[in-house]
J.: 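Once you've had a glance at the structure underneath, I'll fire off some questions.
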Amino acid sequence: MAKFILIGSGLAGGLLAAYLGRRGYDVDLYERRADPREGNIIGGRSINLALSTRGIHALEQLGIADEVLQHAIPMRGRMRMIHDKSGNLHFAPYDVDPNKHINSIGRAALNTTVIEAAQRYPNVRVHFNHRCTEVDLDSATAELVDSSVEAGVSPADPVRQVIEVSADAIIGVDGAFSAVRQSMHKKLADFKYDESYLAHGYKELTIPPGPSGSWQMEKEALHIWPRKSFMMIALPNPDGSFTCTLFWEFEGPRSFASTKTDDDVHRFFDEEFPDAVPLMPALLEDFKNNPTGSLVTIRCAPWFYKNKVALVGDAAHAVVPFYGQGMNAAFEDCVVLDECLAEFPDNRERAFAEYFVRRKENADALADLAIDNFIEMRDKTASKTFRAKKKLDHALEAALPGIYLPLYTMVTFTRIPYAEAAQRARRQDSIIYTGLTLVSAIIVALLIHFIA
Ligand SMILES: Cc1cc2nc3c(=O)[nH]c(=O)nc-3n(C[C@H](O)[C@H](O)[C@H](O)COP(=O)(O)OP(=O)(O)OC[C@H]3O[C@@H](n4cnc5c(N)ncnc54)[C@H](O)[C@@H]3O)c2cc1C
């Protein structure tokens with residue numbers, strides 16, 4: 001069987017290693033960080049994530065969905081909770097079916113579960129503290145440095161410090177700032193690459209558990225504080241806490257940059273999130289100490305080089321987090337790549353090419369949907385018109401089951417490819433708006449007729 005090197009054992013890297021291990025491939029997985037089970041975890045990334053149908057399907061194929069979901073908190077279909085500036089709450093249902101829910105899951109628990117799933121296959125080996133610096137595409141060779149030395153954790157050892165490893169193919173599962181992708185960019189003259197950053201950054205803050213580990217707000221809900229140009233969200237954790245994420249402009253008169261003093265922080269939160277402030281005793285320390293992350297969309301092509309190199313997950317298509325789909329999409333990549341390798345067992349280049357064709361337009365569609373959903377979450381969820389449109393969506397979904405599906409339902413609760421979901425939603429919208437315009441025209445015509 002062929003040998004694969006995977007670079008990056010984040011969410012998709014661990015899962016892909018398990019998929020490849022199950023097919024009998026020889027797999028070496030190299031990760032620049034220390035083993036997450038040693039407690040050294042994931043600075044600067046979101047602590048919890050929304051896991052939905054696509055991601056769960058990918059986990060089910062390996063028989064590990066239940067193992068993962070036992071660490072999750074369901075955020076019920078009817079429980080998108082909107083907090084207005086006066087501290088009042090409104091429910092905005094995701095879906096007509098109250099049984100449909102997304103799941104809040106800790107990144108560390110999920111990462112550990114997928115790595116352990118991979119390690120159950122004796123043909124998969126995981127090597128932590130190895131940072132890839134360069135890939136030679138033609139020979140499928142990766143140069144790796146011992147990152148525990150870089151971090152000052154281990155003493156320098158000139159023999160171990162830089163190593164080269166080779167395989168039949170290398171897969172870059174090394175996230176948005178992928179070293180594997182950078183090597184492709186350097187080497188391939190026709191490599192297309194585009195990165196764009198939002199003007200907003202994000203910062204994570206905490207609502208700790210209440211007395212005896214209770215949740216201080218509704219537990220089974222995604223909480224949103226929409227404030228037009230910015231917003232805060234909160235997802236529940238199993239220990240009774242909530243992780244809040246503030247998405248706010250980097251620059252401007254009211255922004256991360258202009259909020260310098262303790263008073264600035266207090267004033268901003270008291271004005272905008274008055275009901276959250278009493279629940280956040282460590283607000284000031286969190287605000288000052290936690291990093292401000294950036295939000296990037298990365299599009300590139302192709303995602304493979306001959307039968308030697310491929311890209312999976314954020315390395316191929318980082319998206320902004322507002323549809324809660326980046327990891328779900330990365331997991332879906334693993335399913336599709338596994339299917340392609342099974343369909344073309346003797347032609348890996350064809351398998352990589354098919355995988356790219358099947359995923360690229362969907363990744364592009366998701367990138368657009370994710371940006372649109374930022375505007376919807378931060379601005380429109382607070383508006384009455386938006387809530388009326390959602391009610392109409394749900395009424396139509398109930399009246400036309402299987403025929404009318406709201407976009408959010410298709411993206412989150414089905415495996416309809418993202419591009420098809422986006423297209424179908426546009427068609428549905430245009431039929432509804434045409435219908436509504438016609439009905440309004442008829443009503444106006446009738447009124448004029450009867451009044452005249
Ligand atoms: C604030 C925020 C909230 C999010 N919320 C959600 C959500 O609710 N739902 C959802 O589905 N998605 C969400 N996402 C997106 C999700 O985090 C990513 O899509 C997902 O982590 C991608 O998985 P990945 O394995 O491709 O990359 P990563 O998880 O980034 O893993 C990459 C791994 O590669 C390693 N690595 C990097 N460079 C090297 C190197 N040179 N050598 C060796 N190893 C390397 C890294 O250490 C890391 O372990 C969110 C993202 C953000 C920023």
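Counting convention: from 1, in listed order, for ligands and their atoms alike.
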J.: Please work out which of S294, S9, C132 has its closest non-hydrogen atom nearest to atom 40 (C) of ligand 1.
T.: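 It is C132 whose heavy atom sits nearest to atom 40 (C) of ligand 1.
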
J.: Does NZ or CZ of K203 come closer than 6.0 Å to the centre of the six-membered ring of F287, within 45° of the ring's axis?
T.: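 Judged by the rule, K203 and F287 form a cation-pi pair.
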
J.: With heavy atoms only and a cut-off of under 4.0 Å, state how F177 meets ligand 1: side chain, backbone, both or neither.
T.: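 Neither; no heavy atom under 4.0 Å.
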
J.: Please determine whether any non-hydrogen atom of T245 lies less than 4.0 Å from an atom of ligand 1.
T.: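 Checking ligand 1 against T245, which is what was asked, there is no heavy-atom contact under 4.0 Å.
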
J.: List the residues meeting side-chain hydrogen bond (donor to acceptor under 3.5 Å, both in side chains) with S294, not counting sequence neighbours, and say none if there are none.
T.: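 S294: no side-chain hydrogen bond (donor to acceptor under 3.5 Å, both in side chains) contacts found.
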
J.: Looking at H130 and F128, would you say the former's side chain and the latter's main chain have a donor-acceptor pair under 3.5 Å?
T.: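 Yes: the side chain of H130 pairs with the backbone of F128.
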
J.: Check R131 with E143, please: is the shortest side-chain N to carboxylate O separation under 4.0 Å?
T.: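 Looking at R131 together with E143, the answer is no, because their closest N to O distance does not fall below 4.0 Å.
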
J.: Hey, do the aromatic rings of Y323 and Y408 have their centres closer than 6.0 Å?
T.: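 Y323 vs Y408: aromatic centres under 6.0 Å.
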
J.: V312 to ligand 1: N or O pair under 3.5 Å?
T.: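 So ligand 1 has no N or O lying under 3.5 Å from an N or O of V312.
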
J.: Does Y418 have R54 sitting over its ring (NZ/CZ under 6.0 Å from centre, angle to axis within 45°)?
T.: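 R54 over Y418 ring: yes.
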
J.: Taking atom 9 (N) of ligand 1 as the point of reference, which of A370, S52, A50 owns the nearest heavy atom?
T.: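 That would be A50.
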
J.: Does any N/O atom on M327 come nearer than 3.5 Å to any N/O atom on ligand 1?
T.: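 By distance alone, the answer is yes.
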
J.: CZ of R415: more than 12 outside heavy atoms within 6.0 angstrom?
T.: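 No, the 6.0 Å shell around CZ holds no more than 12 heavy atoms from other groups.
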
J.: I need the atoms of ligand 1 closer than 4.0 Å to a non-hydrogen atom of V173, numbered in the order shown.
T.: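 Matching atoms, with element in brackets: 32 (C), 33 (C), 34 (O).
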
J.: May I ask you to list the atoms of ligand 1 that are less than 4.0 angstrom from any heavy atom of R107?
T.: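 Listed by number with element, the hits are 16 (C), 17 (O), 21 (O), 29 (O).
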
J.: At a 4.0 Å threshold, what atoms of ligand 1 neighbour a non-hydrogen atom of A179?
T.: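 With A179 as reference, the close atoms of ligand 1 come out as 41 (N).
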
J.: Let me know which of F322, F374, F247 forms a ring pair (Phe, Tyr, Trp, His ring centres under 6.0 Å) with H200.
T.: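 Filter result, single survivor: F374.
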
J.: Begin with the C-alpha distance, continue with both residues' side-chain angles, and end with the deciding distance and a verdict on side chain to side chain contact (heavy atoms under 4.5 Å, CB included) for F268 and L246.
T.: CA-CA 12 Å; F268 171 65; L246 170 66; 4.0 Å; yes

J.: Please report whether ligand 1 has a polar contact with Y202, defined as an N or O pair separated by less than 3.5 Å (distance criterion only).
T.: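 By distance alone, the answer is no.
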
J.: At a 4.0 Å threshold, what atoms of ligand 1 neighbour a non-hydrogen atom of I7?
T.: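 Going through ligand 1 atom by atom, the ones under 4.0 Å from I7 are 42 (N), 43 (C).
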
J.: If we only count N/O pairs under 3.5 Å, is A12 in contact with ligand 1?
T.: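 Checking ligand 1 against A12, an N or O pair does fall under 3.5 Å apart.
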
J.: Among A315, P321, G313, G326, which one puts a heavy atom closest to atom 51 (C) of ligand 1?
T.: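 Minimum heavy-atom distance to atom 51 (C) of ligand 1 goes to P321.
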
J.: Just to be sure I'm reading this right: ignoring hydrogens, which of H130, R131, E31 gets closest to atom 35 (C) of ligand 1? Compare them by their nearest heavy atoms.
T.: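 The option holding the nearest heavy atom is E31.
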
J.: List ligand 1 atoms under 4.0 Å from G10, heavy atoms only on the residue side.
T.: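 Listed by number with element, the hits are 25 (O), 31 (O), 33 (C), 49 (O).
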
J.: With heavy atoms under 4.0 Å as the rule, classify the contact between R33 and ligand 1 as side chain, backbone, both or neither.
T.: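 Side chain only.
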
J.: Could you list the atoms of ligand 1 found under 4.0 angstrom from a heavy atom of G175?
T.: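 That gives atoms 27 (O), 30 (O), 32 (C) of ligand 1.
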
J.: Is it the case that more than 12 heavy atoms not belonging to D66 sit under 6.0 Å from its CG atom?
T.: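 Incorrect, the count does not exceed 12.
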
J.: Please confirm whether the backbone N or O of I105 pairs with a side-chain atom of N103, one donor and one acceptor, at under 3.5 Å?
T.: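 Not a single qualifying donor-acceptor pair exists.
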
